[in-house]
Amino acid sequence: MPLKIYNSLTRQKEKFIPINPPYVGMYVCGPTVSGESHLGHARPYITFDVVLRYLTYLGYKVRYVRNITDAGHFEEEGREAEDKISKKALLEKVEPMELVHKYTNLFHWAMKQFNTLDPNIEPTATGHIVEQINMIEKIIEAGFAYVVNGSVYFDVKKYAATHNYGELSGRVLDDLLETTRALEGQDEKRNKADFALWKSAPQQHIMRWKSPWGEGFPGWHIECSAMATKYLGARFDIHGGGMDLLFPHHESEIAQSFICNHVQPAKYWMHNNMITINGKKMGKSYNNVIKLTEMFSGIHPLLTQAFSPMTIRFFILQTHYRSTLDFSSEALVAAEKGLKRLWEGYENLKKIKEENFDLPDDNDLDKKINSLLDELDEFMNDDFNTAKVLANLFEIVPVINSIKDGIIEKNVLSSKTLHRMKDALTVYLENILGLQSLSQNNETFDGVMQLLVDIRKEAKSKKDFFTSDKIRNQLAELGIEMKDEKDGNISWNAV
Ligand code: ZN
């Protein structure tokens with residue numbers, strides 16, 4: 001079965017046929033770096049990391065572009081629109097770029113914790129002002145945008161007369177226009193459905209650039225159209241993001257790109273569903289936004305303990321990306337146990353020796369394992385169903401453990417199947433799902449510390465105080481205290 005992807009544009013699963021194989025262009029809307037990344041950021045970037053990993057496994061050469069929104073994301077409230085970053089920078093009395101730098105670094109750090117692969121290109125909105133202005137000029141020239149008081153708006157009503165506005169989100173323009181009347185007179189826009197391509201900067205606005213329409217800053221939607229076109233061309237394979245971006249962000253991207261490039265920008269539009277927390281939508285108004293740093297440390301009223309990034313990654317992948325996903329402390333505790341069990345099984349499997357080379361692989365257990373393994377690719381080909389993949393891996397674990405514990409005789413499974421099982425689990429767990437052992441980092445660290453303890457003991461017994469002191473003092477500088485116990489043992493703890 002070839003890979004099928006659910007396309008939000010056509011609302012059906014479609015066979016994946018890249019525009020220019022083996023190359024695949026994938027654009028994913030990146031974060032607005034006006035604050036710390038929260039749980040809502042984890043799902044899209046982990047989802048599309050697995051898409052990237054699986055396409056690579058299938059042999060495609062993916063150019064993955066994920067932008068950083070460091071300007072242009074604002075709440076559109078009449079003339080007084082203010083850029084989110086500019087607003088926060090004023091509030092914290094720092095340079096906007098100081099803020100951007102800080103939160104971009106934090107975002108990158110969190111993504112590393114989740115073991116996501118780096119995008120090939122990570123363009124920023126502020127680095128592409130010229131491209132955005134060029135695109136806006138084209139839209140004005142084509143007659144689909146108008147200038148008011150130094151701001152430029154996209155004329156949605158005019159666009160909708162000749163194009164299918166709402167094709168992605170299913171929104172009906174008449175309904176959008178309906179809501180406009182109440183605002184009439186207060187707004188520069190001809191219709192409420194119109195969106196800003198460029199905003200004139202009020203005097204106190206610190207982020208501003210020169211443009212043909214005066215000093216201002218770009219709208220949010222235009223940055224993605226400009227950067228996707230620049231790095232992936234007018235038409236590329238996959239455009240991804242969270243479902244909350246369907247409207248107005250992605251709908252607007254399509255409209256802008258149609259006017260400038262006369263083509264639907266992406267062949268496949270993919271959207272991950274949203275997360276809820278204890279059954280409630282996550283949002284400031286519910287007071288339940290959990291930052292990733294709070295998740296990793298456990299310091300949040302809704303959390304009973306700290307959760308490792310791998311537990312969160314595993315928890316996200318246990319549900320298909322198009323289903324909603326409810327976070328709760330209890331569910332994460334269960335996921336943590338599940339990942340531990342799965343990884344122990346994987347470690348045990350690696351230790352089982354292949355010795356039944358003569359055994360044919362057509363006995364019942366071989367057949368069962370092989371059919372479970374055959375299904376892994378089938379599930380992934382069915383719109384990246386990581387949930388079903390993990391369910392199959394969980395069916396394999398008890399078999400591994402039974403062989404290890406001697407409950408199942410070693411000689412019932414052929415070497416051929418055992419070998420295939422080892423390969424498949426490594427490829428799936430590590431390469432495609434991008435999972436890691438929960439204790440991997442700790443185990444390595446503990447091992448290194450034990451080594452230092454042994455060296456120090458040895459040095460002391462040889463009266464080599466230079467070496468033994470050096471180890472103790474240098475560790476102290478790193479915040480690790482080594483103590484000589486009365487019984488001659490050496491203990492340590494990280495302060
Ligand atoms: Zn975007």
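The structure presented is a predicted model; accordingly, all values stated were derived computationally and were not measured. All ligand and atom numbering here is 1-based and tracks the order in the structure.
Ring geometry for Y159 against Y165 counts as perpendicular: the plane angle is over 60°, on a 0 to 90° scale with 30° as the lower cut. Using cut-offs of 30° and 60° on the angle between ring planes, the pair F296 and F114 is perpendicular.
For CD of E95, the number of neighbouring non-hydrogen atoms (other residues, nucleotides, ligands) closer than 6.0 Å is 12 at most.
Within the protein, the N, O or S atoms sitting under 2.8 Å from the Zn ion (ligand 1) are C29 SG, C224 SG, H249 NE2.
With respect to L168, the side chain to side chain contact (heavy atoms under 4.5 Å, CB included) criterion is satisfied by exactly one of H250, H239, Q264: H250. The residue from K388, R322, K13 that alone fulfils the salt bridge (Lys or Arg N to Asp or Glu O under 4.0 Å) condition with D383 is R322.
Judged by a 6.0 Å distance limit and a 45° cone about the ring axis, R66 is positioned over the six-membered ring of Y45.
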